[in-house]
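Notes follow the structure.
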Amino acid sequence: MKQKRAIKVDNERLNKLQTKESSVNLDWLLKQPNVNELESTLQFISFIDLHIEIENYDMQGVCHIFCNNQIKLKFIQIANGLLIYEETNCVVLSDCVIQKKKFHCHHNQLFLISLQNQKGRLILIFSHPISQKEWYKIIKLSAKQIDFLKKYRIQDNICLNFYLISHKKKKKKYAAQIINRKNFKLYDQQEVINNYVKILRNNNIQNVFPIISIFDENDILYLLTEQFIGSTFEQLLSNHKTQIIQSDLAFIIFSVLQNLKSLQDEDLFHGNINLDNIIIVNKQSQVGVYVINPIYKLYTSKSIDYYLHNICDYLIAPEINENQAPSVSSDIYQLGILLMLVSFYSMQDNLNPLFIQRILQNKQTLISSQEIKFQQYQNSDYPYLFSACQLELIKQMTEKDPNKRITVQDAIKHAWFINTKDKVKMQKQNFNKHLPSLKTIIEMVEQSDKDIKRKSLQSTNFIHQMVSIQKYEFSPYRQQQPEISPLKKTSESLTEIVDEEHQISDLIDQLNNKQYLMLPSQYNHLNQANNQLRLIQTENNIDQSQV
């Protein structure tokens, strides 16, 4: 699933506003004693130096700029997260904090948008409030905002450092990933976070949570997304009340592969595919997958130590230990290790270092013994190991030689995903054969009430057994977000009493104490979570596999 962010722009309305802004004379501002409040000092990047081509612009128009004691009308454009100034220079919006302001002088009023980063500030001056509103609506999708606690209230914890939040005025609910940067000791960590934000805002990256807005204040990042119920992959496995069927497991692995392929298409990689960085989300009984917390940066032989320090030893691809930079190929190795651990995981096992060590040491023996089982048409000894194709994919993904390891393009087309989809289609065809015809339904209506109740009960029992197959045909994100959250609501009156500055401090302490950092420690993803999984079981649609 790609991020789909609809940017609605009324071009006719903007053209009228542009005409009004162009005809305004703001020379009177130069005589005002507080005109320095409007001065722009931002240093721009030469657009030519970026070596990129832009075909489509999200928005373009004019505004006034006060700089060097002069007020001038300037042409600006928005595209690819950039604010382009006079078609020659630009500023990266994700590095800027955005604010709406007003400028009052006697009977006059101007409407401002302030953009500020480490290199200065840029103030866009508009004479009409609608101009400010339209431009702010587009720019804030890429820039950062402030005053999170004035607008939102933090409620329940969803999983890891994701929280349910609600808008104070509109009462609409969202989710937010809260990242505390106060404990960052290395510049690499800040660089990784900045790259994470850019990845979330790249509409070409699949299976990352759709970013709505970002608030940045006091070294705390609030990454807002749509409301969801969710669980990490590790929590899903640890919850013995939840059974993962073949189509579910195939869908999860396939979704991660989609993410890796889209990252590779953008010359990126994830770097840290572990059980905590895969979130299974539920939105109105439809299941999807978010891949979170990449640690992408340009690693060199000198900076590779940072990568090695933040990755579990068993997830480090062999070529990394030979000073090769991480890549999507090493991501494939990590995902293959996870698939192997899940495939040989039993309900009585615990996801701890001893279990991981046992599986890795006995990899060849375990795979060989189960291959013999499948050759003899016997079921495997493990609940999450379903076929010989699954074993073959594990071997190809965990190949030590990166030149022989399966590519992400071939992995997506692997027979395991195709066979899983075909099996469900076959089951659904058999299910449809048992459905009554129209004639049969009419005859049933004419029968006695007693017979109708009896046959209805039989049909209900059968449908309950096959309902997951029927749901399998639906796309996980085809339905909209529910208006009422299935999550348990907290008391509004109680929340109002709690001082919000103390509330956020407590939450940040909680993040620190429980190691809810952006970069998990070696065994962080093995810790048992207290939150129980609230996931409505459903079959998943692998028709997406036709990439």
Side-chain angles (χ1 to χ4, degrees), residues 1-6 140-141 144-145 147-180 193 196-197 199-201 203 205-217 220-236 252 255 259 276-294 476-477 479-490 492 495 500 503-504 506-508 510-511 514 516-518 520 529-536:
M1 58 186 178
K2 290 186 179 180
Q3 290 196 63
K4 295 182 179 179
R5 184 174 59 191
K140 77 173 184 178
L141 294 175
K144 303 172 191 174
Q145 301 178 62
D147 296 330
F148 174 84
L149 292 177
K150 291 182 179 179
K151 298 179 181 179
Y152 295 93
R153 178 180 295 111
I154 300 175
Q155 297 183 329
D156 296 337
N157 176 248
I158 300 173
C159 65
L160 295 181
N161 55 350
F162 282 86
Y163 287 83
L164 176 69
I165 65 173
S166 64
H167 196 282
K168 290 183 177 180
K169 292 183 179 179
K170 300 178 181 178
K171 305 300 181 183
K172 187 174 181 180
K173 296 185 183 298
Y174 300 92
Q177 184 179 15
I178 302 177
I179 299 172
N180 181 11
I193 291 292
Y196 181 33
V197 170
I199 287 173
L200 291 178
R201 288 198 154 152
N203 293 331
I205 307 299
Q206 299 189 54
N207 295 314
V208 295
F209 63 83
I211 200 74
I212 294 177
S213 56
I214 295 177
F215 287 77
D216 186 359
E217 47 194 336
I220 299 174
L221 273 181
Y222 304 88
L223 310 179
L224 270 66
T225 185
E226 297 173 0
Q227 176 191 352
F228 68 89
I229 301 172
S231 169
T232 66
F233 200 0
E234 190 273 337
Q235 288 175 314
L236 184 66
I252 293 169
S255 297
N259 174 260
D276 259 359
N277 285 341
I278 301 171
I279 296 183
I280 292 82
V281 300
N282 182 290
K283 296 168 65 177
Q284 201 171 8
S285 302
Q286 298 299 312
V287 179
V289 174
Y290 290 161
V291 185
I292 64 172
N293 296 349
Y477 280 86
Q479 300 187 33
Q480 294 182 351
Q481 173 183 345
E483 293 182 2
I484 301 177
S485 170
L487 287 172
K488 181 180 179 181
K489 295 183 179 179
T490 58
E492 292 291 337
T495 308
E500 296 189 357
Q503 183 187 40
I504 188 61
D506 291 342
L507 287 172
I508 296 306
Q510 193 179 48
L511 295 181
K514 295 185 178 182
Y516 285 153
L517 293 176
M518 174 67 186
N530 293 325
N531 296 328
Q532 290 189 351
L533 175 70
R534 289 170 287 188
L535 177 64
I536 303 172

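One is the number of the first residue; the rest follow in order along the sequence.
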So if I apply the ring-ring contact (aromatic ring centres under 6.0 Å, His included) rule between His167 and each of Phe148, Tyr174, Tyr152, which one comes out positive?
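Considering Phe148, Tyr174, Tyr152, a ring-ring contact (aromatic ring centres under 6.0 Å, His included) with His167 is found only for Tyr152.
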
If we only count heavy atoms from C-beta on, is the [X] to [Y] side-chain gap below 4.5 Å?
| X | Y | answer |
| --- | --- | --- |
| Val291 | Asn277 | no |
| Lys140 | Gln145 | yes |
| Leu236 | Ile252 | yes |
| Glu226 | Pro210 | yes |
| Thr225 | Gln177 | no |

Measure the spacing between [atom1] of [X] and [atom2] of [Y] and express it to the nearest 0.5 Å.
| X | Y | atom1 | atom2 | value |
| --- | --- | --- | --- | --- |
| Ile178 | Leu221 | CD1 | CG | 10.5 Å |
| Asn282 | Ile280 | CG | CD1 | 11.0 Å |
| Leu149 | Glu217 | CG | CD | 6.0 Å |
| Ile154 | Ser166 | CD1 | OG | 10.0 Å |
| Tyr222 | Asn161 | OH | CG | 12.0 Å |

Side-chain donor or acceptor of Asn207 paired with backbone N/O of Ser255 under 3.5 Å:
yes

Might you work through the side chain to side chain contact (heavy atoms under 4.5 Å, CB included) test for Leu223 and Leu200, ending with a clear yes or no?
CA-CA 9 Å; Leu223 310 179; Leu200 291 178; 3.8 Å; yes

Check [X] against [Y] and note the closest heavy-atom contact, atom names and distance.
| X | Y | result |
| --- | --- | --- |
| Asn259 | Gln206 | ND2-O, 2.8 Å |
| Leu141 | Ile212 | CD2-O, 4.0 Å |
| Pro294 | Ile199 | CG-CD1, 3.8 Å |

In terms of relative ring orientation, are Tyr196 and Phe209 parallel, tilted or perpendicular, with 30° and 60° separating the classes?
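Rings of Tyr196 and Phe209: perpendicular, over 60°.
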
Asp276 side chain to Gln235 side chain, donor-acceptor N/O pair below 3.5 angstrom:
no

Donor-acceptor side-chain pairing of Gln155 and Lys173 below 3.5 angstrom:
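Short answer, yes.
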
So among Ile278, Leu160, Val208, which one has a side chain to side chain contact (heavy atoms under 4.5 Å, CB included) with Ile292?
Leu160

My understanding is that only residues two or more places apart in sequence, or in another chain, count here; which of them pass ring pair (Phe, Tyr, Trp, His ring centres under 6.0 Å) with Phe233?
none

List the steps and the verdict of side chain to side chain contact (heavy atoms under 4.5 Å, CB included) for Leu224 and Ile214.
CA-CA 6 Å; Leu224 270 66; Ile214 295 177; over 6 Å; no

Can Cys159 and Ile279 be said to form a side chain to side chain contact (heavy atoms under 4.5 Å, CB included), step by step?
CA-CA 9 Å; Cys159 65; Ile279 296 183; 4.0 Å; yes

Take Leu164 and Asn157, measure what side chain to side chain contact (heavy atoms under 4.5 Å, CB included) needs, and give me the verdict at the end.
CA-CA 6 Å; Leu164 176 69; Asn157 176 248; over 6 Å; no

Report the residues that fulfil salt bridge (charged side-chain N to carboxylate O under 4.0 Å, His left out) with Lys144, sequence neighbours left out, ordered by chain and then residue number.
Asp216

